[in-house]
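What follows is a short report on a single structure.
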Protein chains: 2
Amino acid sequence: MPDSIAISPPLTPKKEEILTISARLFAQKGYAAVSMRELASETKMTPAALYHHYADKEALYYAALLHVFTDKASAIIELTKGRESSETKLKNLILWLIRLFSRDEIFTLLLQRELLDGNSARIKLLTREVIEPPFLEVERLIGKLVPNRNPKSLAVSAMSLILGHFQLMPILRNLTIEHSSAPIIDQEHALADTVRALIMGQSSKATETRGAF
Amino acid sequence: MPDSIAISPPLTPKKEEILTISARLFAQKGYAAVSMRELASETKMTPAALYHHYADKEALYYAALLHVFTDKASAIIELTKGRESSETKLKNLILWLIRLFSRDEIFTLLLQRELLDGNSARIKLLTREVIEPPFLEVERLIGKLVPNRNPKSLAVSAMSLILGHFQLMPILRNLTIEHSSAPIIDQEHALADTVRALIMGQSSKATETRGAF
DNA sequence: TTCACCTAAACGAACGTTCAATAGGGAAAA
DNA sequence: TTTTCCCTATTGAACGTTCGTTTAGGTGAA
């Protein structure tokens, strides 16, 4: 048994640093708008040194995607194994899912860009590593809690609501909404309440007590 | 009084053709991934001819944005002036909003890209011309129909749900969902039912009769 | 004649990428 | 211990291509 658990990606510290910085740049500006020279400059290397670690720009981009996406949903297992009620599990799962996006901007940006420009293989990676695990668990809990409705379409709606919320963020700042001032943790809980209301099919008073987004 | 109503953009047919083709390319590949030579080739001109009509690439891109976004939400006036009940108005408004995205892929792609890369001025354009008009009307109707809840946060959630649904589309094809086969008009109504259920705070049986997405 | 519209050709800059050369550090040989 | 060797990591420089853009000149309708 090896000391380290992560044996799948044998990343040297240097490679890890490259991928972290590359992921940030690709997330902020998009694939086509980032040059190898800029990546080299940010990682304090020459372009030629970059090519020693990765065959070309696309390989570097894909490695950065893997670095950010792989095992992103692995923490789900913790949430589903507990002794809590299904209702509590769903609540925790939704909150965990929301924090996945709200607390990792680079991850969220890369995901949004991949949804626009990802080819079939990359969309499959995204589905398998990020979306599907929480989706299946949400669907399972809905089947238990709200059996008279279609769990699949309801789970899709829940994911859409969460994703759409973060997609809409840049516009919310222009809609004269008093949300921005609220602490992040309150915004997370408010969104979680809305998602739960959508699933349970009843208005939760919590959205009132917690205020708007 | 001129014959034509649209006096704001005095677009020649040639310019209109340029903008239509440019909007398609920018929507499909993104600003940085489209070259002036490609735009010239698609419009059957030389690059230099393109520069006769637009000062530079950014001006052309912004003009294409204006062409696609401007007055996109003007049809709302028709929906709000009628004699129908507020409930019917809301229903029609939601359906109209959904069709805005589902029946104009170029518009939807440009909007999603602008939400990622748009600067402050462009986000404001997007807000003013596209998002805010239906948003305010949805908010107003919610205030009438569900007065005990926060209209603003509920309207935001409705918009998020719709936008997120189309953002999630590429992944739905990988989630083994039986939705894709359904006619577009049924998908539109199913989504509309979900949005109304979110607003009215009750599960609508319609999502069952119409099936999943 | 004029002027909007177009062309061919080229500009310098930036792009992705390659290559020969070299520095550095640990293992192997002396 | 010292020397040799080797391999990884890195460099400066350059390759050819494509980029956004400009220039000088042409064409055809009013």
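This is a predicted model, so every value here is computed, not measured. Order of the sequence lines fixes the chain letters, A, B, ..., with proteins taken first and strands second; residue numbering starts at 1 for each chain.
To the nearest 0.5 Å, the span separating CZ on A:Arg196 from CG on A:Asp193 amounts to 5.0 Å.
Cation-pi check for A:Lys152 over A:Phe135 is not met; the charged atom does not lie both under 6.0 angstrom from the ring centroid and within 45 degrees of its normal. A cation-pi arrangement is present between A:Lys15 and A:Tyr54 under the rule of less than 6.0 angstrom and at most 45 degrees off the ring axis.
A sub-4.0 Å separation between OP1 or OP2 of D:dT11 and a side-chain N or O of A:Thr46 is present. Neither OP1 nor OP2 of C:dT7 sits under 4.0 Å from any side-chain N or O of B:His52. Applying the 4.0 Å criterion to OP1 and OP2 of D:dT10, one finds that A:His53 has a side-chain N or O inside that range.
With rounding to whole Å, B:Met45 atom CE is found 15 Å from C:dA8 atom C1'. Per the geometry, OH belonging to A:Tyr54 stands 12 Å off P belonging to D:dT10, to the nearest Å. Between the CG atom of A:Leu50 and the P atom of D:dA9 there is a distance of 13 Å, given to the nearest Å.
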Detail all sub-3.5 Å separations between protein N/O atoms and N/O atoms belonging to nucleotides 1-3 of chain C.
none

Item to check | Where protein sits on nucleotides 16-30 of chain D, one letter per nucleotide: B base, S sugar-phosphate only, - none, heavy atoms under 4.0 Å | outcome: ---BBBBB-------

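Each salt bridge (charged side-chain N to carboxylate O under 4.0 Å, His left out) pair with one or both residues in residues 27-44 of chain B, not counting sequence neighbours, appears once here: B:Arg24-B:Glu42, B:Lys29-B:Glu38. For residues 59-72 of chain A, every residue pair satisfying the salt bridge (charged side-chain N to carboxylate O under 4.0 Å, His left out) rule, not counting sequence neighbours, is listed here: A:Lys72-A:Asp104.
For A:Tyr51, there are no ring pair (Phe, Tyr, Trp, His ring centres under 6.0 Å) partners, not counting sequence neighbours. Applying the ring pair (Phe, Tyr, Trp, His ring centres under 6.0 Å) test to B:Phe69 and every residue at least two apart in sequence or in another chain returns B:Phe107.
Under the 30°/60° scheme for interplanar angles, the aromatic rings of A:Phe101 and A:Phe166 are found to be tilted.
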